[in-house]
Amino acid sequence: MKNRNYIYVKIIMLSGLLGISTVSCERDYSEDVAFATFPAIGEIFNDTPVAMGSDFYFPYDGSKPTAWSVDNNVSYMGSASMRVDVPNANDPEGNYAGAIFRVDGEGSGRDLSGFDALTFYAKASQAVTIGEIGFGEDFGENKYVANLTNVDLTTNWTQFIIPIPDPSKLIQERGMLRYAAAGIGEPGFETGYTFWIDEVKFEKLGTIAQPKPAILGGEDVEEQGFSGSAIDLAGRNLTQTYNLGSGINQTVTAAPSYFNFVSSDIEVARVNELGIVSILKEGSATITATLDGVKATGSLTLQVGEDFEFAPDPTLPQSDVISIFSNAYTDVLVDTYNPYWDTSTTQGEQTVISGQDILHYTSLNYVAILTATELIDATDMTHIHFDLLTADAPANFIVKIKDFGDDGVDGGGDDQEVAYTVPSSQITSDEWAVLDIPLSNFVGLTNKSNIGSIIFESVGINDLYIDNVYYHK
Amino acid sequence: MNKRNTYKIKTALSSAIMFALGLLLMTSCDLDTTQTVAKLSTLVMQDEFDTNGAPNPEYWNIDEGTGPNNDGWGNGELQHYTNRTSNLTVQNGYLLITAQKEDYQGSAYTSAKIQTKTKVEHTYGRFEARIRVPYGQGMWPAFWLLGNDIDEVTWPQCGEIDIMEYTGDKPTILHGSVHGPGYSGGNPVTKTYELMSDRFDTGFHIFGIEWGPDYINYYVDDVLYNQITPDDAEGEWVFDHPFYIIINLAVGGTFPGPPSEETVFPQTMLVDYIRVYK
């Protein structure tokens, strides 16, 4: 706070000097354009939400919107706490609890640069691990998201400290709190529980120190790149670690905009402030980063070779296909090419290489392409087609088609999910496998009028490109 | 250099202010006769560490090895103390003691320890140092005094005054202790002090004692946090003869426990100055 004021004073003084030296016809800044400052309010919830405005709770799509409430019977301090009832997997209103708490009002925000951590107390109805708790998500640019992941709650109140990766960035932040929590148990059969959060606030603890930022999980990673393609560093394990007053090293995930990325050769690859690496031409470039002046461990070296070779262009007329992903056709509405399910390690989804759309998955165990909003009727179709390119050694590759049944929803007892395994013999490293699979190979898939997802799964093939995904007759 | 100068000016100013306040208090109503106020303002020794290289041999001896009994200096410490520049040097106005993780003569870590035995020994006075300590599990820096009769009467009869002890796993906690006959080892007269909204490893702090015939006052920066008197000691009060100064950075040992995977090496303990007043 002090620093910034000081800088402003300097700016004002400098502009004053300018004014003098460029004579008097220059207009002064009017009072109205005084440099905007935002309230430095730390409190988010004590017994009620604090200074959040009236419209501040935004549940995620697919989460149970009524999961959050104020509990006037339970509190760490005072009379109330925030209560989150994580639903069972079969809850028709949503199968997890997740939301952001955003300061109300377009153009509003808080100046959090004088704080160093988000702190709160939390407990749960049973010992449980919450997926993510953090801040910085505003459903706008989400520039400064930071999260604790896999947060262990017990039945006793415990204080949690989420260090701000670089407080100086947060001079106008609307995203005060976010969380995502699923039930406990086997995927698809999770049972719910309740957790409570109280005394939520940004604080200046003064004991957050010894920053150790990292990108790429602190590893020096080398990979192949293609000119005209882009890599989003947001999915590449960016973290900040601080030593807390307790002596514990606390790691938080940090959005790319907290970092300052540097490319060793900006002719080959450059990175923007949102962490998007644009690969421009053949050569080699190493991406490194600093966070608030501290060098991050880890790097990404891109070996950009000759131009990317695309899969053969499809030849069937549009009228014979239902296209899920192809530049050759008009695609149907797809909800997502990677839902980032909890137990999925798969990173990546659609990306662009040399102006062409392509799916690029890394660390694949399984991934789904969802068409749940507008289910696909493939009754008249005879085949599913996709093209696959990998540098990995050939391995079996499983394709699953899931029909949601007459009720049109995932679950509900009338779903059909049928797998077909593409044998490794049909895949050759570094060559496009053009796969055209008769739907009759999906034995038992009798309903094809409400297809909600296609799932790709493999043990041996983890880094791959997929293109031209469509049903055809 | 600039910073240090500024700091010195600040200290000078604050001393002046404190002095003025003292005067004010004394002239207005001098009722407070119960508390022992030391007027320890005559410098009898100071090392500002202004000459680059090895520590000034006029003041300092360098202890090397793993202790006279090769038992980690009696505490199971893991480091081998050396006199190498990589462990011990004076640079740019600071004494630097650096703990390294390296295989060295059977030890997994190296560091340094210096002391003033026979060179700087005083009875009573104000001993203070301005120090920035490392952090992390297993780091154990200390600024302490030992009775100079240790070779005749042995420890703990000689007495030990720990002005600053700190373990890197608790970066906000300072320990100040005395050891003597009947109150030593795991049972000293001790007090911990917790720094609020700050840490000992992120900036310099002043650690000191004011030692008189029947008291030892402990302070950090401008906070007096403990007074130990003969009444506190469960044994003979042995703090009545010359003591010498020790500064060291231990790694591991019974007090802090061993370093963890997360402990950062190398790390340096920085000492800006050591001053003794009478």
Side-chain angles (χ1 to χ4, degrees), chain A residues 1-3 6 40 42-43 112-119 148-150 159 161-168 199 201-214 217-219 237 239-253 290-298, chain B residues 3 6 10 98-99 101 131-142 164-175 192-205 220-223 225 249-253 255-270:
Chain A
M1 198 58 195
K2 265 185 185 161
N3 270 340
Y6 175 61
E43 284 82 9
L112 303 177
S113 58
F115 302 111
D116 55 21
L118 173 69
T119 69
L148 279 188
T149 55
N150 299 324
Q159 191 187 25
I161 295 172
I162 308 182
I164 304 174
D166 175 6
S168 71
E199 303 304 315
K201 56 177 177 283
F202 286 95
E203 282 191 82
K204 175 74 178 180
L205 294 173
T207 51
I208 306 287
Q210 309 288 4
K212 287 201 289 176
E219 304 288 320
N237 212 346
T239 58
Q240 169 69 304
T241 301
Y242 276 110
N243 191 255
L244 306 184
S246 62
I248 289 167
N249 285 327
Q250 182 65 67
T251 296
V252 297
T253 63
T290 56
L291 197 165
D292 195 17
V294 180
K295 189 173 189 326
T297 56
Chain B
K3 265 188 189 157
T6 320
K10 269 194 204 157
T98 302
K101 186 175 186 178
I131 302 173
R132 198 186 85 187
V133 293
Y135 84 108
Q137 171 67 41
M139 290 291 174
W140 182 14
M164 181 278 287
E165 274 190 292
Y166 156 103
T167 61
D169 58 319
K170 294 277 177 282
T172 62
I173 305 280
L174 162 74
H175 307 268
T192 60
Y193 174 77
E194 182 173 5
L195 203 55
M196 301 311 290
S197 305
D198 197 1
R199 311 162 48 112
F200 290 110
D201 59 333
T202 49
F204 283 90
H205 293 273
V220 55
D221 300 322
D222 55 355
V223 178
Y225 71 93
L249 171 56
V251 178
F255 188 47
S260 74
E261 288 281 300
E262 296 181 1
T263 308
V264 175
F265 286 96
Q267 274 198 85
T268 301
M269 171 187 191
L270 289 85

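Just so you know, these numbers come straight off a predicted model, no measurement behind them. Every chain is numbered from 1 and lettered A, B, ... according to where its sequence line falls, protein lines coming before strand lines.
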Can you see which heavy atom on B:Pro141 is nearest to which on B:Val133, and at what distance?
->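 Distance-wise, the nearest heavy atoms are CG-CG1, 3.7 Å.
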Considering only heavy atoms from C-beta outward, does the side chain of A:Val252 approach that of A:Pro163 to under 4.5 Å?
->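 Heavy-atom side-chain distance check passes, below 4.5 Å.
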Given side chains that start at C-beta, do those of A:Phe202 and A:Pro167 come closer than 4.5 Å, heavy atoms only?
->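 Side chain of A:Phe202 against side chain of A:Pro167, heavy atoms only: no contact under 4.5 Å found.
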Given a strict heavy-atom distance threshold of 4.5 Å, which part of A:Ile248 is in contact with chain B: side chain, backbone, both, or neither?
->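 Answer is neither: A:Ile248 stays 4.5 Å or more from chain B.
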To the nearest 0.5 angstrom, please state how far the CD1 atom of A:Ile161 sits from the CG atom of A:Leu244.
->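 Taking CD1 in A:Ile161 and CG in A:Leu244, the distance rounds to 5.0 Å.
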Who passes ring pair (Phe, Tyr, Trp, His ring centres under 6.0 Å) against A:Phe115, sequence neighbours left out?
->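 Checked A:Phe115 against ring pair (Phe, Tyr, Trp, His ring centres under 6.0 Å); zero matches.
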Who are the side-chain contact (heavy atoms from CB on, under 4.5 Å) partners of B:Pro266, not counting sequence neighbours?
->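 side-chain contact (heavy atoms from CB on, under 4.5 Å) check on B:Pro266 returns B:Thr98, B:Gln100.
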Check every N and O of chain B against chain A and note each donor-acceptor pair under 3.5 Å, with its distance.
unit_1, atom_1, unit_2, atom_2, d
B:Arg199, NH1, A:Thr207, O, 2.8
B:Arg199, NH1, A:Asn243, O, 2.8
B:Arg199, NH1, A:Asn243, OD1, 3.3
B:Arg199, NH1, A:Leu244, O, 3.1
B:Arg199, NH2, A:Asn243, OD1, 2.6
B:Asp201, OD2, A:Gln210, NE2, 2.8
B:Glu262, OE1, A:Asn249, ND2, 2.7

